[in-house]
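Beneath this line is the structure, given in structure tokens, with notes to follow.
Quick caveat: nothing in here was measured; it's all calculated off a predicted structure.
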Amino acid sequence: MVLGCKKEHRSDNLTGSNRWILDSMRVYYYWKDQLPVNPPDQTNASSFFKSLLYSADRFSFLDNPDEDRKEYSSFAWYGFEYALLERENHPGELMGIITLVVPDGPADRKGLARGDVFTAVNGMALQQANIDQVTKTLKLGSGVQLSLANFVAGELVPGKSIDVQYARHNELPVYLTKVFDVHGKKTGYIFYNQFSGGYDYQILESLSRLGNEGITDLVIDLRYNPGGDVSTSAKIAGILSNATADQTFVIYQGNNKAGRRISSFQKTMRENDFEPQLFSELLNYRLSLSRVMVLTSGSTASAAELLINNLRPYTRVIQIGSKTMGKDMASFAIADLRSPKLVNMVLHPLIFKLFNAQNAGNYETGLKPDYEVDEFADLPLKAFGDPNDPLLKKALEISGSQPVATALLKSLHWGSGNLKYHSAMIRNREHAILEISK
């Protein structure tokens with residue numbers, strides 16, 4: 001849904017688009033009562049918009065097609081995510097860890113894989129002193145050369161270099177499904193990386209196939225998922241529980257003008273045009289599960305967090321990994337609907353706080369896991385679906401689909417305390433917009 005602001009609530013000293021921006025925010029913004037009364041005019045619309053935002057607002061943004069944006073994520077340009085960790089016993093030196101590679105993306109075609117380690121970008125050695133320059137280089141899309149390295153007896157030994165250039169690529173949200181079977185105890189695993197309504201049938205059919213394998217537990221890997229469509233979240237929750245069409249999926253709490261709105265599973269599914277539209281169709285995909293285990297990280301955001309929180313009233317959810325990002329709010333796109341259009345930009349302000357059927361919400365500091373596990377505790381990183389991946393290993397131990405080890409593998413040298421930067425966390429913070437409708 002694109003909302004339009006036509007009301008001319010005029011403000012002194014504001015010109016053109018800035019007046020429209022402020023008038024729109026005064027109607028829809030969740031913190032509208034915190035807006036400045038007479039903000040100073042600015043020549044740059046994006047700067048003016050940012051000057052209006054409440055201090056606790058980390059996610060509202062303005063999309064201005066007239067501004068030339070040159071920096072995007074390594075995920076958008078090259079199809080990979082990475083983390084920068086400080087090297088043990090090498091003060092000031094960093095190493096890069098490839099955390100995700102989009103199947104059939106540019107990086108994948110060049111042979112880059114999750115767990116690969118790199119020590120330089122375009123010949124620039126990774127150091128704490130140049131971390132901003134390194135991350136900027138990876139955002140420019142002009143091509144990168146990664147100098148890879150291998151662990152040998154606990155030390156990094158130089159390896160080959162890989163050149164990756166930008167190429168258009170498409171991400172299918174479901175990367176992998178797998179079934180773990182120990183003495184007849186079956187646990188399903190799925191890596192799901194985006195709540196994209198255009199691929200709703202892909203995720204529903206993938207989960208249904210796991211159900212047909214006779215699984216009794218399910219592990220959903222959302223550790224880098226930035227969220228997306230709330231309708232998709234409702235559909236997934238609908239087949240992972242015994243909820244009915246008219247039961248509450250989400251409660252939207254707006255400002256004092258917007259009020260409070262309760263949305264059932266069926267109503268939420270119809271908040272945009274993505275198929276399926278009928279809750280009754282979900283019954284064809286429904287799984288019979290004793291519980292759902294969700295793998296998370298600080299990059300898990302928006303609709304991914306909504307699924308965890310809003311599924312809990314209907315089935316047992318066990319969260320494993322680290323605390324999520326804390327995007328407990330939703331946004332609409334607001335465009336100028338006047339004729340003729342006078343402002344060529346779209347606002348994405350936070351409008352609603354989100355709650356589940358039991359009125360549980362307010363997770364702006366993140367959803368805390370039931371079992372805290374650090375994926376960087378054992379390097380090199382394991383592939384998604386590898387039973388020795390620390391997060392998945394813990395889930396399989398809980399489910400009984402993997403023999404219980406004395407302890408999760410722990411490294412004496414690595415851990416999230418050494419994490420200096422994660423591209424997925426930054427990308428998801430910039431773009432974790434919960435799409436209520438389109």
**K185 and T216: CA distance, side-chain angles, deciding distance, side chain to side chain donor-acceptor pair (under 3.5 Å) verdict** = CA-CA 8 Å; K185 172 69 175 180; T216 55; 3.0 Å; yes

**Asked** Centroid-to-centroid, F75 to Y78, below 6.0 Å?
**Response** no

**Identified ring-ring contact (aromatic ring centres under 6.0 Å, His included) partner of F352 from the options Y30, W31, Y29, Y252** = Y252

**Request:** Drop me the distance from D378's CG to N388's CG, to the nearest 0.5 angstrom.
**Result:** 8.0 Å

**Fill in**
Nearest heavy-atom contact between D104 and D108 is N-OD2, 2.6 Å

**Request:** Inspect the contact between D221 and K178 and indicate whether a charged nitrogen and a carboxylate oxygen are less than 4.0 angstrom apart.
**Result:** no

**Item:** F376 side chain near P390 side chain, heavy-atom distance below 4.5 Å
**Value:** no

**Request:** Using only heavy-atom distances, determine whether the side chains of N428 and S299 contain a donor-acceptor pair under 3.5 Å.
**Result:** no

**Request:** Examine the side chains of D163 and Q145 and answer whether a donor and an acceptor come within less than 3.5 Å of each other.
**Result:** yes

**Asked** Under 4.5 Å between any side-chain heavy atoms of V179 and L210, yes or no?
**Response** yes

**Request:** In sequence, state the C-alpha distance, the side-chain angles, and the governing distance for K420 and L85, and then conclude on side chain to side chain contact (heavy atoms under 4.5 Å, CB included).
**Result:** CA-CA 5 Å; K420 299 302 179 183; L85 276 67; over 6 Å; no

**Asked** Do the non-hydrogen side-chain atoms of I426 and S73 ever get within less than 4.5 Å of each other?
**Response** no

**Fill in**
So CZ of F384 and CG of L176: to nearest 0.5 Å the spacing works out to 9.5 Å

**Asked** Under 3.5 Å, is there a donor-acceptor pair between the S231 and E271 side chains?
**Response** no

**Complete:** Closest non-hydrogen contact found for A107 with G79 is CB-O, 4.1 Å

**Request:** Check the pair E81, R427 against salt bridge (charged side-chain N to carboxylate O under 4.0 Å, His left out), reporting the backbone distance first and the verdict last.
**Result:** CA-CA 9 Å; E81 300 280 13; R427 177 178 70 95; 2.6 Å; yes

**Taking every non-hydrogen atom, the tightest pair across T248 and I251** = CG2-CG1, 3.9 Å

**Request:** Check the pair M124 / N130 against side chain to side chain contact (heavy atoms under 4.5 Å, CB included), numbers first and verdict last.
**Result:** CA-CA 9 Å; M124 179 169 42; N130 64 13; 3.5 Å; yes

**Message:** Any non-hydrogen side-chain atom of N362 less than 4.5 Å from a side-chain atom of F355?
**Reply:** yes

**Carboxylate-amine/guanidinium proximity below 4.0 Å for E375 and K382** = no

**Message:** Side chains of S196 and D229 only: does a donor on one sit below 3.5 Å from an acceptor on the other?
**Reply:** no

**Steps toward side chain to side chain donor-acceptor pair (under 3.5 Å) verdict (S399, T187)** = CA-CA 7 Å; S399 73; T187 298; 3.0 Å; yes

**Asked** Do H90 and E155 have side chains that get closer than 4.5 Å, going by heavy atoms?
**Response** yes

**Message:** Closer than 4.0 angstrom, basic N to acidic O: yes or no for D336 and K341?
**Reply:** no

**Side-chain (D328) to main-chain (L354) donor-acceptor, under 3.5 angstrom** = no

**Message:** On a heavy-atom basis, which atom in G143 and which in N122 lie closest, and how many Å separate them?
**Reply:** O-ND2, 3.8 Å

**Asked** Hey, are D389 and K394 close enough for a salt bridge, meaning a charged N less than 4.0 Å from a carboxylate O?
**Response** no

**Item:** side chain to side chain contact (heavy atoms under 4.5 Å, CB included) between Y82 and I97, intermediate numbers included
**Value:** CA-CA 5 Å; Y82 65 94; I97 309 291; over 6 Å; no

**Prompt:** For residues N18 and Q42, is any side-chain donor paired with an opposing acceptor at under 3.5 Å?
**Reply:** no

**Asked** Taking the side chain from Q194 and the backbone from G228, do they hold a donor-acceptor pair closer than 3.5 Å?
**Response** no

**Message:** When you measure from the side chain of Q165 to the backbone of P106, do you find a donor-acceptor pair of N or O atoms at a distance under 3.5 Å?
**Reply:** no

**Prompt:** So do I320 and D370 actually touch side chain to side chain, heavy atoms under 4.5 Å?
**Reply:** no

**Request:** Apply salt bridge (charged side-chain N to carboxylate O under 4.0 Å, His left out) to the pair K323 and E372, showing each step before the final yes or no.
**Result:** CA-CA 8 Å; K323 189 168 64 173; E372 190 168 355; over 6 Å; no

**Asked** In Å and rounded to the nearest 0.5 Å, what is the CG to CG distance from N309 to N356?
**Response** 4.5 Å

**Asked** Taking atom CD1 of I220 and atom CG of L207, what is their separation to the nearest 0.5 Å?
**Response** 6.0 Å

**Asked** Taking 4.0 angstrom as the limit, do K327 and E305 come out as a salt bridge?
**Response** no

**Request:** Report yes or no: is the cationic atom of K186 (NZ for Lys, CZ for Arg) closer than 6.0 Å to the six-membered ring centre of F180, at no more than 45° off its axis?
**Result:** no

**Prompt:** Does one side chain, of N225 or T300, offer a donor that lies under 3.5 Å from an acceptor on the other?
**Reply:** no

**Message:** Can you classify the ring geometry of F61 versus H348 as parallel (below 30°), tilted (30 to 60°) or perpendicular (above 60°)?
**Reply:** parallel

**Message:** Does F118 form a side chain to side chain contact (heavy atoms under 4.5 Å, CB included) with M95? I'd like the steps, not just the answer.
**Reply:** CA-CA 6 Å; F118 61 97; M95 63 177 178; over 6 Å; no

**Asked** Do any N or O atoms from the side chain of R316 and from the backbone of S290 form a donor-acceptor pair under 3.5 angstrom?
**Response** no

**Asked** Can you say whether the rings of Y285 and Y201 are parallel (under 30°), tilted (30 to 60°) or perpendicular (over 60°)?
**Response** tilted

**Item:** Smallest separation among heavy atoms of L52 and P36, with atom names
**Value:** CD2-CG, 3.8 Å

**Request:** For A237 and L311, work out which heavy atoms get closest and say how close.
**Result:** O-CD1, 3.7 Å

**Item:** Euclidean distance, S423 OG relative to Y421 OH, rounded to 0.5 Å
**Value:** 6.0 Å

**Message:** Side chains of L62 and V346, heavy atoms from C-beta outward: is any pair under 4.5 Å?
**Reply:** no

**Request:** Taking the side chain as every heavy atom from C-beta outward, state whether I203 and I190 have any atom pair closer than 4.5 Å.
**Result:** yes

**Message:** If I take atom CZ from residue F195 and atom NZ from residue K235, how far apart are they, to the nearest 0.5 angstrom?
**Reply:** 12.5 Å

